[in-house]
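Hydrogens, waters and symmetry mates play no part in the numbers below; they use all other heavy atoms, side chains included. Just so it is clear: chains get the letters A, B, ... in the order the sequence lines come, proteins before strands, and each one is counted from 1. This is a predicted model, so every value here is computed, not measured.
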Amino acid sequence: MSQIQAFDADRALARIQELKHLDGALLPMLHALQDEFGYVDEAAVPLIADTLNISKAEVEGVISFYHDFRRLPPGRHVLRLCRAESCQSMGCDKTIAHVEQRLGVKLGETTPDGAITLRDVFCLGLCAHSPAAMLDGEPHGRVTPQVADMLIESAGRRQ
Amino acid sequence: MKIYVPCDAAALALGADKVAEAIESQLKNRHIEAQIVRNGSRGMLWLEPLVEVETPQGRVAYGPVPPDSVAGLFEAGFTRGGEHPLRLGLTEEIPFLKKQERLTFARCGITDPLSLADYIAHDGYRGLERALQMEPAAIVEEVANSGLRGRGGAGFPTGIKWRTVLNAAADRKYIVCNADEGDSGTYADRLLMEGDPFVLIEGMTIAGIAVGATRGYIYIRSEYPHAFRTVQKTIAIARDKGYLGPNVAGSGKAFDLEARLGAGAYICGEETALLESLEGRRGQIRPKPPLPAIEGLFGKPTVVNNVISLASVPIILNKGAQFYQDFGMGRSRGTLTIQLAGNIKHGGLVEKAFGLTLREAIYDFGGGTATGRPLRAVQVGGPLGAYFPESLLDTPLDYEAFAAKRGLVGHGGIVVFDDTADMAKQARYAMEFCAIESCGKCTPCRIGSTRGVEVIDRITANQERTRNLQLLDDLCETMVDGSLCALGGLTPYPVLSAVQYFPDDFRKPAPAPQDADASQEISSWR
């Protein structure tokens with residue numbers, strides 16, 4: 001995830017302006033900001049509100065509603081472990097407990113060195129290869145504790 | 001010569017990109033001329049990465065192919081279909097595939113998903129061609145007569161929805177594809193969007209021409225980044241080649257499409273929440289009426305259909321309503337795309353006429369549990385579907401037959417659990433999931449789900465069991481009757497079915513002799 005830039009208000013405004021012609025532009029804008037900076041910075045809220053002529057509260061309300069949008073920068077890597085039914089039937093609880101213990105953080109937290117953000121996800125559509133995971137947007141199947149270890153090590157090597 | 005290595009996310013999840021790289025480098029080193037095609041998945045997911053080689057006899061399959069076995073395959077002469085322990089024979093002859101009735105998924109895994117030429121060579125755009133020669137009302141009637149019902153879960157007749165939008169007068173109408181496939185155990189939408197995206201675009205174009213809509217949106221969940229990118233590319237190709245835009249296939253009719261990304265909210269799979277989200281708001285439920293067919297996206301008449309419903313339209317138009325109608329049972333016509341998931345030996349997609357029993361799906365196709373342990377429970381239709389015990393496995397996959405057993409065919413996902421499953425834990429999870437994903441609009445769902453977790457915790461801790469079981473029953477009744485949408489309204493189904501069929505799981509740690517039998521306390525369920 002090395003392409004992520006530090007937040008920059010001018011750059012943010014440019015991305016917002018690029019999308020303002022869309023009908024229902026708010027979600028595309030938030031995705032664009034998160035793609036660019038890794039999260040939606042507080043300072044972007046009034047820029048969006050002004051562009052779309054809606055209140056800041058409305059923008060805040062949308063950001064807080066959706067699980068995807070982050071208010072703080074994530075770790076250098078994001079590891080998402082599925083905990084929906086199909087993955088439960090193949091022991092995802094064991095994988096999750098193992099990863100939490102190994103990284104010393106819980107789901108939803110980032111390791112103190114900023115290397116990995118651990119998140120849950122409810123279904124990646126990889127249910128024939130449960131338990132499933134996604135590391136920096138790439139899918140992984142049959143993620144036993146051993147496979148999870150390999151994923152964490154591969155993320156570590158890439159920095 | 002062509003070598004096929006799937007680009008489907010399920011194949012990528014097991015190293016398909018590395019396999020393709022290894023094949024490419026072997027071809028180069030051995031000076032073999034061959035083209036690597038990144039096809040969609042055939043749906044035999046336990047065999048992924050499934051590599052196919054074109055031979056004079058037909059396509060020969062090898063799988064599952066780990067990246068480090070590629071050199072050995074070349075040693076065995078696999079480019080000529082040579083013998084190897086991973087050789088599976090002709091792909092089309094593999095029983096899992098051969099026994100299916102592939103209508104909607106006819107091309108998936110065969111073609112290059114991004115090749116319009118491939119699509120057209122395999123009967124693509126014939127449905128649109130015929131539709132363009134018909135009156136809009138006749139197209140709608142063709143779909144109505146086919147018996148197609150919404151494949152997203154609700155099973156509402158697609159033709160009736162289209163007719164309502166056709167008859168609604170408005171300056172603008174929309175086609176919205178619900179690709180927010182959030183149910184665990186389902187992946188048919190993803191497989192289709194990554195494996196044969198043109199068929200979805202053709203289906204939406206036909207829908208637009210039928211009801212008089214000029215604009216469409218495909219709302220894809222963010223958990224499917226590969227599907228999103230594939231669909232975006234496909235839309236660009238279709239537009240470039242004149243299949244989307246102001247003059248669809250030279251007909252003078254306009255229709256254009258845009259793919260939009262969700263943001264991790266399960267509730268946006270509910271059609272009115274999806275519309276809110278598309279409009280740029282919190283994905284909260286709208287009370288119905290008005291129906292989206294009358295006042296939908298941006299207040300305009302809108303067809304909201306699932307991916308599989310829309311992708312079934314081209315073959316209906318191409319081969320006629322009767323052809324499609326001839327598959328199925330009772331009022332469930334056509335084919336169901338069954339997705340075998342969870343603790344299953346042969347996980348994958350089975351497209352088959354309605355009427356296959358759960359047992360046939362799980363054992364004849366799926367080969368039983370992955371762990372080899374006895375099957376304990378099956379959840380069909382996602383997180384809102386009931387948990388069925390072994391004794392209900394002979395239920396045919398049919399909307400009405402499932403409803404009669406208080407089950408849900410839903411989107412056709414089947415999640416199998418072996419005998420290590422703790423059904424009280426599954427019931428608790430159902431409530432927990434509802435609490436996490438509730439949009440907050442109505443009280444039974446928003447508050448009831450949290451209270452549900454607490455009551456189940458008290459039951460399993462043996463605190464006032466009888467009273468708490470009755471309370472759970474009352475709570476579920478309130479949620480079923482009082483919720484605005486299916487999330488709050490159906491969450492009680494997995495909960496109460498777990499209590500009814502697996503009462504012993506709710507008496508841990510140690511049952512007292514005078515303990516109430518959990519299944520006796522849930523009157524609203526029976």
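- Atom CD1 of residue I344(B) and atom CE of residue M90(A) lie 10.5 Å apart, to the nearest 0.5 angstrom.
- Chain A forms more heavy-atom pairs under 4.5 Å with one residue of L340(B), L14(B), L12(B) than with any other, namely L14(B).
- The most heavy-atom pairs under 4.5 Å with chain A, out of L45(B), D8(B), T371(B), come from L45(B).
- Taking 4.5 Å as the limit, some side-chain heavy atom of Y66(A) sits within range of a side-chain heavy atom of C268(B).
- The choice from G61(A), A128(A), P139(A) that makes the most heavy-atom pairs within less than 4.5 Å of chain B is P139(A).
- Of the atoms belonging to D183(B), it is backbone heavy atoms, and not side-chain ones, that fall under 4.5 Å from chain A.
- H226(B) touches chain A through its side chain: at least one heavy atom from C-beta onward sits under 4.5 Å away, while N, CA, C and O do not.
- Your options are G348(B), G283(B), A421(B), and the one with the most heavy-atom pairs under 4.5 Å with chain A is G283(B).
- With a threshold of 4.5 angstrom between heavy atoms, D120(A) does not approach chain B through any atom at all.
- For R80(A) (side chain) and E223(B) (main-chain N/O), no donor-acceptor pair under 3.5 Å exists by modelled atom type.
- Counting heavy-atom pairs closer than 4.5 Å to chain B, the top-ranked of the candidates R142(A), H140(A), E85(A) is E85(A).
- Considering only heavy atoms from C-beta on, E258(B) stays 4.5 Å or farther from D23(A) through its side chain.
- Contacts of residues 426-441 of chain B with chain A at a heavy-atom distance below 4.5 Å involve Q426(B), Y429(B), E432(B), F433(B), I436(B), E437(B), C439(B), listed in sequence order.
- Minimum heavy-atom separation, S89(A) to G342(B): OG-CA, 3.1 Å.
- The CE atom of M134(A) sits 10.0 Å away from the OH atom of Y224(B) when rounded to the nearest 0.5 Å.
- Under a cut-off of 6.0 angstrom, the local environment of NZ in K345(B) is sparse, with at most 12 non-hydrogen atoms contributed by other residues, nucleotides or ligands.
- With a 4.5 Å cut-off on non-hydrogen atoms, A9(B) touches chain A through its backbone and its side chain both.
- Residue contact with chain A, scored on non-hydrogen atoms closer than 4.5 Å, involves the backbone of L278(B) exclusively.
- Nearest heavy atoms, L27(A) versus S277(B): CD2-OG, 3.4 Å.
- Atom CD of Q101(A) sits in a sparse spot, with 12 or fewer heavy atoms from other residues, nucleotides or ligands closer than 6.0 Å.
- Heavy atoms of Q379(B) lying under 4.5 Å from chain A belong exclusively to its side chain.
- Here the closest heavy-atom approach between residue R282(B) and residue S64(A) is recorded as NH1-OG, 3.5 Å.
- Taken to the nearest 0.5 Å, the SG atom of C127(A) stands 12.5 Å off from the CD1 atom of I414(B).
- Residue H31(A) comes nearest to L261(B) through the heavy atom pair NE2-O, 3.6 Å, listed as atom of the first residue, atom of the second, then distance.
- Comparing S222(B), P383(B), G347(B) by heavy-atom pairs within less than 4.5 Å of chain A, the highest count is held by P383(B).
- Ranked by heavy-atom pairs under 4.5 Å with chain A, the list P225(B), A341(B), S184(B), A263(B) is led by A263(B).
- Residue V62(A) touches chain B through both its backbone and its side chain, counting heavy-atom pairs closer than 4.5 Å.
- Residues A265(B) and H67(A) come closest through the heavy atom pair CA-CD2, 4.4 Å.
- Using a 4.5 Å heavy-atom threshold, the side chains of C123(A) and R221(B) count as touching.
- Side-chain atoms of H129(A) and E48(B), non-hydrogen and from C-beta on, do get closer than 4.5 Å to each other.
- Counting heavy atoms from C-beta on, the side chains of L126(A) and R190(B) come closer than 4.5 Å.
- Within a 6.0 Å sphere centred on CG of N53(A), other residues, nucleotides and ligands contribute 12 heavy atoms or fewer.
- Summarising the geometry, atom CZ belonging to R281(B) is positioned 12.0 Å from atom CZ belonging to F65(A); distances are rounded to the nearest 0.5 Å.
- No other option in V121(A), I54(A), L22(A), V147(A) has as many heavy-atom pairs under 4.5 Å with chain B as L22(A).
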